[in-house]
Engineer: 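A single structure is presented below for examination.
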Amino acid sequence: MRPKHKFYIDTHKGANALAVLALIAAYDAWHNETAWIYLALHGTYGLLWIWKSLRFPDKQWEQEVTRGYGLLTWFTLTLYWVGPWIIARDDLHAAPWLLALCVAMWGVGVFLHFGADMQKHMHLKLAPGTLLTDGLWARSRNPNYLGELLIYASFCLLSRHWAPMLVLGAMFFGVWLPNMLKKDASLARYPEFAAWKARTSLIIPGLL
């Protein structure tokens, strides 16, 4: 039996804290408050993801995949570690206002990402075969992706470097956006989809 896709995703998420801590040690960045903030944000996010995967998993990650595809997923996610590598290598120190902004973005992102996934999980469990159009899904058709975007954007901003933003952009346009459009096409079978689409945005509420 082949491992589920989430095995590779979850193990990588769990390795976030260890990887960032290893980078801090490798570059002797124990004094760097930005590196510690990054460790707290990305490390905690990884642990929260694993908890979510255990309690209310996303069905798309429950599929079995080949070992090669799973390893490709693992190493692709490793590109996200370029941010903490730059912070530790160059001994970057973000301004206090930027640290505060990134923590705030992370907090809002976690709320949207995990709250929307929990709402979707319970909706599919209690009202299967119906379209989810209320709560966090009332103005955005992808509030979970919006939350994830805010989370990863906060990681990128901490490094103040173009490379992490390039990785995030590639992930957004290469994976997230196609998934959102594919989901729209699938949900179009519901009679109420047209009205819901008319009053919502694909990801950011109020943005046409």
Side-chain angles (χ1 to χ4, degrees), residues 4-6 8-10 12-13 16 41-42 44-63 65 73 76-77 79-80 83 101-157 164-208:
K4 294 180 179 180
H5 201 182
K6 74 174 186 178
Y8 299 96
I9 298 173
D10 293 359
H12 193 282
K13 300 288 188 182
N16 281 332
L41 297 184
H42 208 160
T44 301
Y45 168 68
L47 296 178
L48 289 174
W49 175 283
I50 294 174
W51 179 82
K52 180 178 79 76
S53 181
L54 292 172
R55 297 301 180 183
F56 48 103
D58 194 317
K59 286 187 177 181
Q60 68 174 323
W61 309 130
E62 294 293 314
Q63 299 176 358
V65 296
T73 297
T76 298
L77 291 174
L79 293 174
Y80 283 126
L101 175 63
C102 290
V103 171
M105 289 174 60
W106 182 89
V108 174
V110 166
F111 169 75
L112 289 173
H113 181 32
F114 290 85
D117 275 354
M118 170 59 84
Q119 186 184 359
K120 181 178 69 173
H121 175 78
M122 295 307 300
H123 181 88
L124 293 174
K125 185 176 182 179
L126 300 176
T130 63
L131 190 62
L132 174 57
T133 62
D134 61 356
L136 293 175
W137 301 79
R139 290 292 179 266
S140 170
R141 299 195 298 283
N142 295 279
N144 47 355
Y145 274 119
L146 175 58
E148 202 164 7
L149 180 61
L150 288 171
I151 291 169
Y152 278 99
S154 72
F155 300 159
C156 294
L157 287 175
M165 294 301 295
L166 182 63
V167 172
L168 178 58
M171 187 64 68
F172 181 88
F173 290 105
V175 180
W176 297 1
L177 184 58
N179 282 346
M180 287 185 276
L181 296 177
K182 181 180 179 181
K183 189 183 73 172
D184 263 11
S186 175
L187 295 179
R189 69 184 186 275
Y190 291 97
E192 61 270 38
F193 175 78
W196 181 52
K197 183 178 180 180
R199 68 174 184 269
T200 59
S201 295
L202 182 64
I203 180 170
I204 303 176
L207 182 65
L208 298 179

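Fair warning: this is a prediction, and the values are worked out from it, not measured in the lab. The analysis underlying the following values was restricted to heavy atoms, covering all of them including side chains, and did not include hydrogens, waters or symmetry mates.
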Engineer: Identify the heavy atoms of Leu187 and Phe193 that sit nearest to each other, and give their distance.
Structural biologist: O-CB, 3.4 Å
Engineer: Quick one: does any side-chain atom of Trp196 pair with a main-chain N or O of Trp137 as donor and acceptor, under 3.5 Å?
Structural biologist: yes
Engineer: CG of Leu149 to CE of Met171: how many Å apart, nearest 0.5 Å?
Structural biologist: 12.5 Å
Engineer: Are Phe111 and Trp106 close enough that their ring centers fall under 6.0 Å?
Structural biologist: no
Engineer: Let me confirm one number: the CG-CD1 distance from Leu168 to Ile151, rounded to the nearest 0.5 Å.
Structural biologist: 11.5 Å
Engineer: Does the ring centre of His113 sit less than 6.0 Å away from the ring centre of Trp49?
Structural biologist: yes
Engineer: Can you tell me which residue among Lys4, Lys52, Lys183, Lys120 is in a salt bridge (Lys or Arg N to Asp or Glu O under 4.0 Å) with Asp58?
Structural biologist: Lys120
Engineer: Working to the nearest 0.5 Å, report the span between NZ of Lys59 and NZ of Lys6.
Structural biologist: 13.0 Å
Engineer: Grab the two heavy atoms, one from Cys102 and one from Leu157, that are nearest each other, plus how far apart they are.
Structural biologist: SG-CB, 3.6 Å
Engineer: Begin with the C-alpha distance, continue with both residues' side-chain angles, and end with the deciding distance and a verdict on side-chain contact (heavy atoms from CB on, under 4.5 Å) for Trp176 and Asn142.
Structural biologist: CA-CA 10 Å; Trp176 297 1; Asn142 295 279; over 6 Å; no
Engineer: Verify the neighbour count for atom CZ of Arg55: are there more than 12 heavy atoms of other residues, nucleotides or ligands below 6.0 Å?
Structural biologist: no
Engineer: Show the numbers, then the answer: is there a side-chain contact (heavy atoms from CB on, under 4.5 Å) between Phe172 and Glu148?
Structural biologist: CA-CA 10 Å; Phe172 181 88; Glu148 202 164 7; over 6 Å; no
Engineer: Kindly give the heavy-atom pair with the smallest separation between Gly135 and Gln119, and that separation in Å.
Structural biologist: CA-NE2, 3.6 Å
Engineer: In Å, rounded to the nearest 0.5 Å, how long is the span from CG of Leu132 to CG of Leu124?
Structural biologist: 7.5 Å
Engineer: If you take all heavy atoms of Met180 and Leu202, which pair is closest and at what distance?
Structural biologist: CB-CD1, 4.1 Å
Engineer: Given Phe114 and Tyr45, is the side-chain contact (heavy atoms from CB on, under 4.5 Å) satisfied, shown in steps?
Structural biologist: CA-CA 10 Å; Phe114 290 85; Tyr45 168 68; 4.1 Å; yes
Engineer: Check the orientation of Tyr152 and His42. Use parallel for under 30°, tilted for 30 to 60°, and perpendicular for over 60°.
Structural biologist: perpendicular
Engineer: Closest approach of Asp10 and Ser53, non-hydrogen atoms and distance?
Structural biologist: OD2-OG, 2.6 Å
Engineer: Report the C-alpha separation of Leu54 and Trp51 in whole Å, then their side-chain angles, then the decisive distance to 0.1 Å, and conclude whether the side-chain contact (heavy atoms from CB on, under 4.5 Å) test is met.
Structural biologist: CA-CA 5 Å; Leu54 292 172; Trp51 179 82; 5.8 Å; no
Engineer: Just how far is it from atom CZ of Phe56 to atom CE of Met122, taken to the nearest 0.5 Å?
Structural biologist: 10.5 Å
Engineer: If you round to the nearest 0.5 Å, how far is CZ of Arg141 from CZ of Arg199?
Structural biologist: 11.0 Å
Engineer: Write down the atom of Cys156, the atom of Met165, and the distance for their closest heavy-atom approach.
Structural biologist: CB-SD, 3.1 Å
Engineer: Treating Ser140 as the side-chain partner and Ile204 as the backbone partner, does any N or O pair qualify as donor plus acceptor under 3.5 Å?
Structural biologist: no
Engineer: Between Asn16 (side chain) and Lys13 (backbone), is there a donor-acceptor pair under 3.5 Å?
Structural biologist: yes
Engineer: Main chain of Thr133, side chain of His123: is a donor-acceptor contact present, judged purely on distance under 3.5 Å?
Structural biologist: no
